[in-house]
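Lettering follows sequence order; numbering is per chain, from 1.
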Number of protein chains: 2
Amino acid sequence: MEKTTENIIFKDDSKQLARFAKALGHPTRIAILKHLENQSCCFTGDLVDIFPLAQSTISQHLKELKNAGLIQGEVNPPKIKYCINKENWKIAKELFQGFFE
Amino acid sequence: MEKTTENIIFKDDSKQLARFAKALGHPTRIAILKHLENQSCCFTGDLVDIFPLAQSTISQHLKELKNAGLIQGEVNPPKIKYCINKENWKIAKELFQGFFE
DNA sequence: ATTTCCAATCGTAAATTTACGATTAACGAT
DNA sequence: ATCGTTAATCGTAAATTTACGATTGGAAAT
């Protein structure tokens, strides 16, 4: 077996922590999450009003946060309501806590 | 949202948190930091032995961690000893703690 | 002065990220 | 059936990231 990047075996926790960290690695996404923490939930449009970014860009950031498992969307036609994914949020919190001791 | 000093600070915090998170956003860098937490310090060469990555690649990851302020290097010719930057580590820890509540 | 060792830096290519405007899809209301 | 509203997706360009091998730099030893 070759020593390629794909074959590096990281501990699952490290990979998961890195995945969460990467999702948090942009100020807009931090701000979105902080907003969700305050508001508990919000619509995409709310964020488009707050941030000086195109709607498609906000959508992309939301997609990344969703892919990382940090948020979840509930269809609420014609809007979509985004909330923190509390289950994964807890996991992330614990991983970061454990990492920083 | 009001334009208060708090909001500006809040924004700076978000940027700083995102900067730290971005540095943590790669499994290799997480693993390097975990290793430094255990060993307290180590040389670049130690990491090159541990990870199946080129020396230049490890060096690049170290540079990013250093730029983010999470580690610091002490010249110890002809080696360079890397350690956690405890001051900034504490700041990062507090920022993440505050973020996750 | 030359050699040796370690690690940073350079040059690079491939992949990914970030941003935008334009388009499409889904649904309710008219 | 058509129109509005909302948000995802497409197509894209520019910037950044990640990886590598090759080269360079600095300090100690020969």
**Student:** As a test of reading the structure: which of D/dA19, D/dG21, C/dA7 is closest to the side chain of B/Gln55, going by heavy atoms?
**Tutor:** C/dA7
**Student:** Would you mind classifying the nucleic acid contact of B/Lys66 as base, sugar-phosphate or nothing, using non-hydrogen atoms under 4.0 angstrom?
**Tutor:** nothing
**Student:** Nearest whole Å is fine: how far is C/dT17 C1' from A/Lys63 NZ?
**Tutor:** 13 Å
**Student:** Looking only at the side chain of B/Lys79 (C-beta and beyond, no hydrogens), which of the listed nucleotides C/dA7, D/dC20, D/dC10 gets closest?
**Tutor:** C/dA7
**Student:** So does B/Gly69 get a backbone contact from the side chain of B/Asn88, meaning a donor-acceptor N/O pair under 3.5 Å?
**Tutor:** yes
**Student:** Report which part of the nucleic acid A/Ser59 touches: base, sugar-phosphate, or nothing (heavy-atom distance under 4.0 Å, all strands).
**Tutor:** base
**Student:** Can you tell me which nucleotide in D/dC20, D/dT6, D/dT18 comes closest to the side chain of B/Arg29?
**Tutor:** D/dT18
**Student:** Return the value, rounded to whole Å, for the distance between atom NE2 of A/His61 and atom P of C/dT17.
**Tutor:** 12 Å
**Student:** Is any side-chain N or O of B/Tyr82 closer than 4.0 Å to OP1 or OP2 of C/dA8?
**Tutor:** yes
**Student:** Atom CD of B/Glu74 and atom P of C/dA7: how far apart are they, to the nearest Å?
**Tutor:** 14 Å
**Student:** Could you check whether A/Phe51 gets within reach of a base, just the sugar-phosphate, or nothing at all, counting any heavy atom under 4.0 Å?
**Tutor:** nothing
**Student:** Does A/Glu64 reach a base, just sugar-phosphate, or nothing at all? Heavy atoms under 4.0 Å.
**Tutor:** sugar-phosphate
**Student:** Any base atoms under 4.0 Å from B/Ile58, or only sugar-phosphate, or nothing? Heavy atoms, all strands.
**Tutor:** nothing
**Student:** Measure from the side-chain heavy atoms of A/Ile80 and tell me the nearest of C/dA19, D/dA7, D/dT18.
**Tutor:** D/dA7
**Student:** Using a heavy-atom cut-off of under 4.0 Å over every strand shown, decide if A/Thr44 touches base, sugar-phosphate, or nothing.
**Tutor:** sugar-phosphate
**Student:** Write down the distance between NE2 (A/His26) and C1' (C/dT18), rounded to a whole number of angstrom.
**Tutor:** 6 Å
**Student:** Which nucleotide wins on minimum distance to the side chain of A/Thr57, given the candidates C/dA19, C/dA8, D/dC20?
**Tutor:** C/dA19
**Student:** Take atom CG of B/Leu24 and atom P of D/dT18, then tell me their distance rounded to the nearest Å.
**Tutor:** 12 Å
**Student:** Looking at B/Gln60 and D/dA19, is any side-chain donor or acceptor paired with a base atom of the opposite kind under 3.5 Å?
**Tutor:** yes
**Student:** So is A/Lys81 actually on top of A/Phe43's ring, under 6.0 Å and inside 45° of the axis?
**Tutor:** no
**Student:** Expressed as a whole number of angstroms, how long is the span from A/Lys22:NZ to D/dT18:C1'?
**Tutor:** 10 Å
**Student:** Please state how far atom CG in B/Asp49 lies from atom P in C/dC5, giving the value in whole angstrom units.
**Tutor:** 15 Å
**Student:** Once you round it to whole Å, what is the distance between P of D/dA27 and NZ of B/Lys81?
**Tutor:** 18 Å
